[in-house]
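In the text below, chain A, chain B and the rest are named by the order of the sequence lines, each starting its count at 1.
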Amino acid sequence: MKVNGKIILLQKDINLFDFLINNNYEISKIAVELNKKIIVKAEFKNIALNDSDSLEIVTFVGGG
Amino acid sequence: MKVNGKIILLQKDINLFDFLINNNYEISKIAVELNKKIIVKAEFKNIALNDSDSLEIVTFVGGG
Amino acid sequence: MKVNGKIILLQKDINLFDFLINNNYEISKIAVELNKKIIVKAEFKNIALNDSDSLEIVTFVGGG
Amino acid sequence: MKVNGKIILLQKDINLFDFLINNNYEISKIAVELNKKIIVKAEFKNIALNDSDSLEIVTFVGGG
Amino acid sequence: MNDKLIIAGREFNSRFILGSGKFSLNLINSVIKNADVEMITLALRRANTNGSENILDYIPKKITLLPNTSGARTAAEAVRIARLARELGCGDFIKLEVINDSKYLMPDNFETIKATEILANEGFIVMPYMYPDLIAARQLANAGAATIMPLGAPIGSNKGLLTFEFIKILVDEISLPVIVDAGIGTPSQACQAMQAGVAAVMANTAIATSGNIALMAKAFKLAVEAGRLAYLSGLGRVLDYKAEASSPLTDFLED
Amino acid sequence: MNDKLIIAGREFNSRFILGSGKFSLNLINSVIKNADVEMITLALRRANTNGSENILDYIPKKITLLPNTSGARTAAEAVRIARLARELGCGDFIKLEVINDSKYLMPDNFETIKATEILANEGFIVMPYMYPDLIAARQLANAGAATIMPLGAPIGSNKGLLTFEFIKILVDEISLPVIVDAGIGTPSQACQAMQAGVAAVMANTAIATSGNIALMAKAFKLAVEAGRLAYLSGLGRVLDYKAEASSPLTDFLED
Amino acid sequence: MNDKLIIAGREFNSRFILGSGKFSLNLINSVIKNADVEMITLALRRANTNGSENILDYIPKKITLLPNTSGARTAAEAVRIARLARELGCGDFIKLEVINDSKYLMPDNFETIKATEILANEGFIVMPYMYPDLIAARQLANAGAATIMPLGAPIGSNKGLLTFEFIKILVDEISLPVIVDAGIGTPSQACQAMQAGVAAVMANTAIATSGNIALMAKAFKLAVEAGRLAYLSGLGRVLDYKAEASSPLTDFLED
Amino acid sequence: MNDKLIIAGREFNSRFILGSGKFSLNLINSVIKNADVEMITLALRRANTNGSENILDYIPKKITLLPNTSGARTAAEAVRIARLARELGCGDFIKLEVINDSKYLMPDNFETIKATEILANEGFIVMPYMYPDLIAARQLANAGAATIMPLGAPIGSNKGLLTFEFIKILVDEISLPVIVDAGIGTPSQACQAMQAGVAAVMANTAIATSGNIALMAKAFKLAVEAGRLAYLSGLGRVLDYKAEASSPLTDFLED
């Protein structure tokens, strides 16, 4: 699976929510695009990830 | 017929070329639009005017 | 006597202090030049005026 | 003798004109101050130099 | 005095918008305090996996967040970033930037107008960064922009109000709040813009590159207030080729 | 922050000096309050016989009075006015003006230097109004001036900082407080002067001719403070022919 | 020195383009002569029936005519005017103007780009009048423009090079000839634009409203040449905060 | 057109005075030719003993020489240099400079006035370099100056007409020829000064530090002529907040 541009391999079936938690993302401070489609947080648990997916996980940083 | 915005009545059948000459237009210094279509000078003699026509006759003036 | 550019006639012998009081000058808010010489307030009572004198009485006004 | 700030010793009695010629100064392109006094060219030959003298010899250069 | 800045119905007392770029996070707060900031811009970027510190932890909750679309080169990219930004749950404000010029970072007014229309229709409060072209400004207004944010000079240049005469035209012709963004390098320039009637001023680099960030933040706050008061008052007339005494002629010197 | 303006040993918190000309007397007080003024200029004129109202009744006692010598055309006349002013018992400060030019009201630096020497020797605190000529400024300092007060533009013109580059030279070369007097027409100009390191700014016409005197007075106060803070902080660098992003490149758009 | 202005392959020695508006016809010729003009703009209007005098009778045959599309508010109207102008048989040059702003007469860059594409495809040599927006300039170039003609200030205002910094950006980034049109009010401004590397300058109002049309025409010609030579030479460096003697220290004063 | 520059009764066709510093001698001549120079400044220095080349050999005889007093720090030193210069037999013109400021090379107006009086009484044609102070200019005129030569910016800085507003005041108030000396860095600045009515312009560093000395010399010549013609013509009016069409409204689009 592609996560923020990097290829990783999914060890096991996992849903989006668990993946983010396992990888220490702060759910409250991120927004997620799965295959260029925004996923609302309420759906995180219902989305199963697989290796063909492309995931973008973004947050706020300082900017002018 | 409408000529440069003014309504005039054609006394008789007349072609564009004669109309322009009779009205003292300097053929070499004008461009003509008949019903919004540009007419090349070579065609002036072949174009019969009628009262439903709208004619625009323009020339150069000073401008920046 | 000349007072601020205007000629006036002294009716009677009078000292500077009394003259100023009689003419409603606010002693605390003026400075006085007698014949181009500054007179300190303490001296006002000791100075007798006469018609040959020239008096300038100035005060503060708005200015930039 | 001091010439343009440098000390030199006069070998023999010499007048100003000869001194300048011997030292390759272009008479037509210089002005001379002897002991802070300007010497007109006509006088050069009549002026005997001695070691106590101070000579300034100036010319034009580029300047704004 | 009741003089609020109103953007899409929201009221603000501060007319100084802070850009949060180029600061170390632990300075942000003192800048906000010193400048009495009520609105601050943010950018979007890929999140790190480790729970590293987040700028949101450094910004008081009462501050209105204004995410920007920096990095977007087209309307489509800007729309994508705006939607992601809103998904972060910090409100509907978006500072729209579409830039495809790498040297001068000039905004693309055409793409910006397209993105404004899309985002306004999706309920965003769109504050587009723009090159101060009156015709483009009118089209941004028609497309649903909540404000227009013309540049004073190239981003980060601190060159000042190079576009001053044209920003005055925008103030004269556009009914939306005109907020000068980019290029303002000193408090006096912010003050001058406000004197001319712009609704607010944004700065980031001018503070981030100054010698003392806290002092400069305060300076901008004061200068913006000064300029606003001067605008509300109305400036004095300018005499062209003469002087006029401020004091009465001291008559006693005449004789 | 402890940042006092010090003139001849006296400390001031305010760096804005108010000129009291062209105001109706009952406005003076609100101007003083709105601008937190600590020093105000006055002029001298023949007194009226009737006990008519006096400007001193409108100025709080704690304000330092700075009488000017307006109307003086020579050093001698200025000295005469200064002595009379001091006789009024309001202290030793004197704003020295010697002007013999009727159209542009340009100060006569030569006469001003002469008068400065005389008055300084008599114990006056001499604050000479001057044309910003570096050589003249050095001579004023040598003659005993407590500050120098270069003009920004002709008196009462509101034309602004026409002499800016030369005032910066004075700030660079003269160790006395440099106070810009005359010509400043807007708060942004006052702010710009302060940013450049002048010690204080004086204004009169800019406020007296504005649309709302109380608001404009406040605006000048804030602008002067803003400029001072910016000077103390140090301004950010200016980029000449390029821009510099204020936001990180949003990498996730790249692929 | 061989230094031609080349527009769509045509060579010109003169880099000053004259606007023919606001002159009495019998002055046109002396202006052309005094300014060594090789290209002059014209406008289109309804012809009068009586054989009244025509401006073409006052312009030497060797002059390249540059008809404008003044009056056009949309791309469609501009295209219509351009086609009529070409029908008059004076060549393929067209000064494209699309203006729908009645107060400041600001050009509509969007419509201008559309019209440029249409006319370039029809073989016109398109010289579009534009607001100096770098992104729009690139699109004009892509649409087939032969030059770009950015404004210096609003048409007929004589306000000068208000857009100078942005015209320098165009010169830096756009490979087409950049010709400053509109706003230039004095020869020194024309000279300054040329020094910065613009390919040519156009003026009309500056001459038409001057005190002596023939002298001012000559002045513009000389100023444009001066600016071009200075550009080709390269300007001298500017010292920021010091001076540098032009004469050697005259040593003999030292002792 | 008969428009001569007249200095102390001498007539000049050229209004551009060349400074000869910082050039290699073999360039001087091409500069003189390219700029049609009629007057050139020189400095004085200790002569070398060997018959080394002399600048006089590079200047055509018809050129009027204007020796300067550079290096003089007092009136006395300037007088001494002036007398030596005249002894060289190249006429009575003297460009009087008295400078005792080492960083900005600001002229000492006071000493300059003293020296002017002495030299004028000795029959010199005194052209004093000065800081543009109106009062000092009047005193120079009274002291017998043939012209006044105010600076535009510090010597050799190429910073331009920083004193423009005050030079306009000199032109308005002083009846002698006003010649801008020092600081002019580009032809457009020379043109702008001439447009404002100065009688002539002097430059040295601007040419000496340019990329191509011959081209820049020509550029200055043309720019000075352009500015003079524009002054004689009278500039066009400037519109403040609007535009004015240069073309008639093209009526046929209306219906």
Point to revise | Heavy-atom closest pair, residues N54(G) and K29(B) | key: CG-CD, 3.5 Å
Check your understanding: So, R80(G) and E33(B), do they make that salt bridge, N to O below 4.0 Å?
Key -> yes
Point to revise | Residue pairs, two or more places apart or on separate chains, that pass side-chain hydrogen bond (donor to acceptor under 3.5 Å, both in side chains) and touch residues 149-164 of chain G | key: E165(E)-K159(G), N158(G)-T209(G)
Revision key, fill the gap. By residue number, those in residues 6-17 of chain B with heavy atoms under 4.5 Å from heavy atoms of chain G are none
Practice item. Sort I38(B) into side chain, backbone, both or neither according to what part of it lies under 4.5 angstrom from a heavy atom of chain G. Key: side chain
Check your understanding: If you count the non-hydrogen atoms of other residues, nucleotides and ligands that lie under 6.0 Å from NZ in K45(B), is the total more than 12?
Key -> no
Review point. When only pairs under 4.5 Å are counted, which of L18(G), D57(G), T205(G) shares the most heavy-atom pairs with chain B?
Key: D57(G)
Review point. Of all of L65(G), I40(G), L88(G), D181(G), which one pairs up most often with chain B through heavy atoms under 4.5 Å apart?
Key: L88(G)
Check your understanding: For V40(B), is it the side chain, the backbone, both or neither that has a heavy atom under 4.5 Å from a heavy atom of chain G?
Key -> both
Point to revise | Residue pair G5(B) / R46(G): nearest heavy atoms and the distance that separates them | key: N-NH2, 3.5 Å
Practice item. Mind listing the closest non-hydrogen atom pair of A47(G) and N4(B) along with its distance? Key: O-ND2, 3.3 Å
Study note, to complete from the structure: When rounded to the nearest 0.5 Å, the distance separating OG of S20(G) from CZ of F60(B) is 10.0 Å
Revision key, fill the gap. When rounded to the nearest 0.5 Å, the distance separating CD of E26(B) from CG of N48(G) is 11.5 Å
Check your understanding: Do you know the tightest heavy-atom contact between G62(B) and A43(G)?
Key -> O-CB, 4.0 Å
Review point. Non-hydrogen atoms of chain G under 4.5 Å away: do they reach the side chain of L20(B), the backbone, both or neither?
Key: neither
Point to revise | Under 4.5 Å from any heavy atom of chain B - which part of A85(G) | key: both
Point to revise | chain B contact via K95(G) - which portion, at a heavy-atom distance below 4.5 Å | key: side chain
